[in-house]
Amino acid sequence: MEHVSSVIATVHEIALKGGNRGWFERTLMQNVRAALRGLPVAQVSLPARVVVRFSEPVGWDEVFGRLSTVFGLNGIMPVEHAGATYDQLEAFVGERLGDLRGATFAIRAKRSDKRFPIGSGEINRRLGAFVNERTGMAVDLSNPDLTLHVLVQSDGIWVYRDHFPGPGGLPVGSSGRVLVLLSGGIDSPAAAYLAMKRGTKAHYVHFHSAPYTSDASVAKVERLVRVLVRHQGSCRLAVVPFGECQQEIVASCPERLRVVLYRRMMLRAAERIARRWRCEALVTGESLNQVASQTLENLAAIDRVAHLPVLRPLVGLDKQEIIAIAERAGTFELSILPHQDCCSFLQPLHPATRSTAAACEEAEAGIDVEDWARRLQHDAAVTIVQHRWGSEAGSGGA
Ligand code: ATP
Ligand code: MG
């Protein structure tokens, strides 16, 4: 299948949203339109599923690649419109009998428009008999060589053969805004992907130790953001020089607490940025007990400085599961390129696994943490990253 004139996508969870349904649907339609920008779209509607009609045939790979980034879409199918009545459906199939390959087939009809006079069982039987008589192919409902799906909707009858998995989830923008603490590693981009999958719009903050280490992590994070932003069109990225603050922590605090103290400072600064951008939560890529800084005790000591909720979408996942998500997000290949994270800068040999908020507060007594948070926020370099389909360079400065 190279070109398509219409596409239908199924929508599962949105159907459950009761009173908010209209809002969810509008957000989803907006996101579908944005993802297809630049293609000859004639109409996007949502009678029971998302229906996209093009004014001229469009390459399937292009359409599928774009719709695969739209959270909220489940199955994605290239479809053909087969008229409005059963007779028109039969005539439509009759013209295409030559394309049907295989020894066995099945018809699978779904009637979402209950005003249509013929039930799905009856459509299966009548159309099945029609195809069987004219082609000699046998009906096999358990393991057919070919399945012809028929969807009866209020906008007519649609026929398709193949369906492909969409990304699922909820439309980005339907459940608030988050600020993701993004390192160059595997985990935080996967966490961003999952946060967007649950309908949040994601913005990003990255801390780097330049001038004390190379700023290679910054270029890497920019590339990661350009991949992640495909799900929502545009986002903000704050890049924060963290080296001086780290130097002060190193100079005046116990070595074992360093990483937890770095993380507490990051959270304080991130929270200020989040409030300015009206984000309602922070997101990190931490997963319980993955590394020494991610014990329950350390996470508790880190969280104590935050007032916004800190979401950790990866908390219950093991590394293989996280890698699978990163691969689906398209970030894995970038994440495994070598870089030096600011947390490995002056990393202690024996990091504390059981720090407490009290011990951290005592360690921070000689540092003006609020002043640091203000300075870090002030020194953040902010860019707006935009995605434009069809152009390699999808980023613009702000
Ligand atoms: P990742 O793969 O995301 O780097 P990780 O398993 O390496 O995570 P840590 O290095 O302990 O774990 O970092 C835990 C989380 O803290 C990261 O997932 C990220 O959310 C945040 N974080 C760490 N370093 C940075 C950074 N330089 N800038 C912004 N956030 C960071
Ligand atoms: Mg890391």
Side-chain angles (χ1 to χ4, degrees), residues 1 3-37 39-55 57-86 88-89 92-93 106-124 127 147-175 197-199 231:
M1 169 195 2
H3 286 80
V4 292
S5 298
S6 305
V7 176
I8 287 186
T10 53
V11 176
H12 293 171
E13 260 196 85
I14 225 172
L16 304 173
K17 294 294 165 193
N20 282 335
R21 186 168 173 156
W23 158 250
F24 274 88
E25 290 185 352
R26 275 193 300 281
T27 308
L28 181 63
M29 304 267 278
Q30 244 170 38
N31 295 353
V32 168
R33 282 197 195 92
L36 298 176
R37 196 164 292 147
L39 299 181
V41 175
Q43 195 195 6
V44 180
S45 56
L46 212 167
R49 302 163 182 86
V50 174
V51 179
V52 180
R53 295 177 191 243
F54 296 103
S55 55
V58 180
W60 165 250
D61 290 346
E62 177 79 26
V63 173
F64 183 66
R66 292 184 182 209
L67 290 180
S68 302
T69 65
V70 181
F71 288 119
L73 301 182
N74 292 90
I76 302 176
M77 309 70 94
V79 292
E80 289 187 281
H81 198 250
T85 64
Y86 178 79
Q88 286 168 350
L89 168 66
F92 175 90
V93 173
I107 307 288
R108 301 212 192 277
K110 259 203 196 112
R111 182 178 60 151
S112 343
D113 181 7
K114 300 297 176 207
R115 292 167 307 177
F116 193 75
I118 305 173
S120 49
E122 179 73 9
I123 297 174
N124 289 341
L127 197 59
T147 304
L148 214 53
H149 299 267
V150 176
L151 287 179
V152 181
Q153 306 193 141
S154 58
D155 60 346
I157 304 174
W158 299 90
V159 174
Y160 66 94
R161 290 189 212 176
D162 305 307
H163 57 122
F164 301 88
L170 297 168
V172 170
S174 65
S175 38
K197 185 172 178 186
R198 295 315 295 165
H231 299 283

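The chain is numbered in sequence order, starting from 1. When reading the values below, keep in mind they use all heavy atoms of this one structure, side chains included, and skip hydrogens, waters and symmetry mates. No experiment lies behind these values; they were computed from the predicted model shown.
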(message) For Arg161, give me all partners under side-chain contact (heavy atoms from CB on, under 4.5 Å), at least two apart in sequence or on another chain.
(response) Asp99, Leu100, Leu146, Leu148
(message) Is there a side-chain contact between Phe92 and Ile157 in this structure, where contact means two heavy atoms from C-beta onward sitting under 4.5 Å apart?
(response) no
(request) Rounded to the nearest 0.5 Å, what's the gap from CZ on Phe164 to CE on Met77? Could you check? (result) 11.0 Å
(message) On a heavy-atom basis, which atom in Ser174 and which in Leu170 lie closest, and how many Å separate them?
(response) OG-CB, 4.1 Å
(message) Below 30° counts as parallel, above 60° as perpendicular, anything between as tilted: where do the rings of His81 and Trp158 land?
(response) perpendicular
(request) Heavy atoms only: give me the nearest Pro47-Gln153 pair and the separation to one decimal. (result) CG-NE2, 3.6 Å
(request) Would you indicate whether the side-chain heavy atoms of Arg49 and Ser112 approach each other to under 4.5 Å? (result) yes
(message) Is it true that, when you exclude Arg33 itself, more than 12 heavy atoms of the residues, nucleotides or ligands shown sit nearer than 6.0 Å to its CZ?
(response) yes
(request) Can you measure from CD (Glu62) to CG (Leu67) and round to the nearest 0.5 angstrom? (result) 10.0 Å
(request) Measure the shortest side-chain to side-chain distance between Val58 and Pro40 over non-hydrogen atoms and say whether it is less than 4.5 angstrom. (result) yes
(request) Compare every heavy atom of Ile118 with every heavy atom of Arg111, then report the nearest pair and how far apart it is. (result) CD-O, 3.3 Å
(message) How close do Phe116 and Ala84 get, counting heavy atoms only, and between which atoms?
(response) CE1-O, 3.3 Å
(request) Find the distance between OG (Ser175) and CZ (Phe24) and round it off to the nearest 0.5 Å. (result) 6.0 Å
(request) Spell out, as yes or no, whether a donor-acceptor pair under 3.5 Å connects the side chain of Asn31 to the backbone of Val172. (result) yes
(message) Set out, in order, the CA-CA distance, both residues' side-chain angles and the distance that settles side chain to side chain contact (heavy atoms under 4.5 Å, CB included) for Leu28 and Leu73, then state yes or no.
(response) CA-CA 8 Å; Leu28 181 63; Leu73 301 182; 4.0 Å; yes
(request) Look at the aromatic rings of His149 and His163 and report parallel, tilted or perpendicular, splitting at 30° and 60°. (result) perpendicular
(message) Can a donor-acceptor pair be found, under 3.5 Å and without considering hydrogens, that links the side chain of Thr147 to the backbone of Arg108?
(response) no
(message) Quick check: do Val50 and Val7 have side-chain heavy atoms less than 4.5 Å from each other?
(response) no
(request) Locate the shortest heavy-atom distance separating Pro78 from Tyr160; write the atom from each residue and the value. (result) O-CB, 3.2 Å
(request) Taking Arg66 for its side chain and Ala35 for its backbone only, find out whether a donor-acceptor pair lies under 3.5 Å. (result) yes
(request) Any chance you could measure Ser120, atom OG, to Ile107, atom CD1, to the nearest 0.5 Å? (result) 12.5 Å
(message) Closer than 3.5 angstrom, by distance alone: can the side chain of Glu122 be matched with the main-chain N or O of Gly119 as a donor-acceptor pair?
(response) no
(message) Side chains of Arg115 and Ser154, heavy atoms from C-beta outward: is any pair under 4.5 Å?
(response) yes
(request) State the OG1-CD distance between Thr27 and Glu25, to the nearest 0.5 angstrom. (result) 10.0 Å
(message) To check you understand the geometry: which heavy-atom pair defines the closest contact between Phe54 and Val4, and what is its length?
(response) CD1-O, 4.0 Å
(request) Indicate yes or no for a side-chain donor-acceptor contact from Tyr86 to the backbone of Leu127 under 3.5 Å, with no hydrogens or angles considered. (result) yes
(message) Given 3.5 Å as the limit, does a donor-acceptor pair link the side chain of Asn124 with the main chain of Ala109, or not?
(response) yes
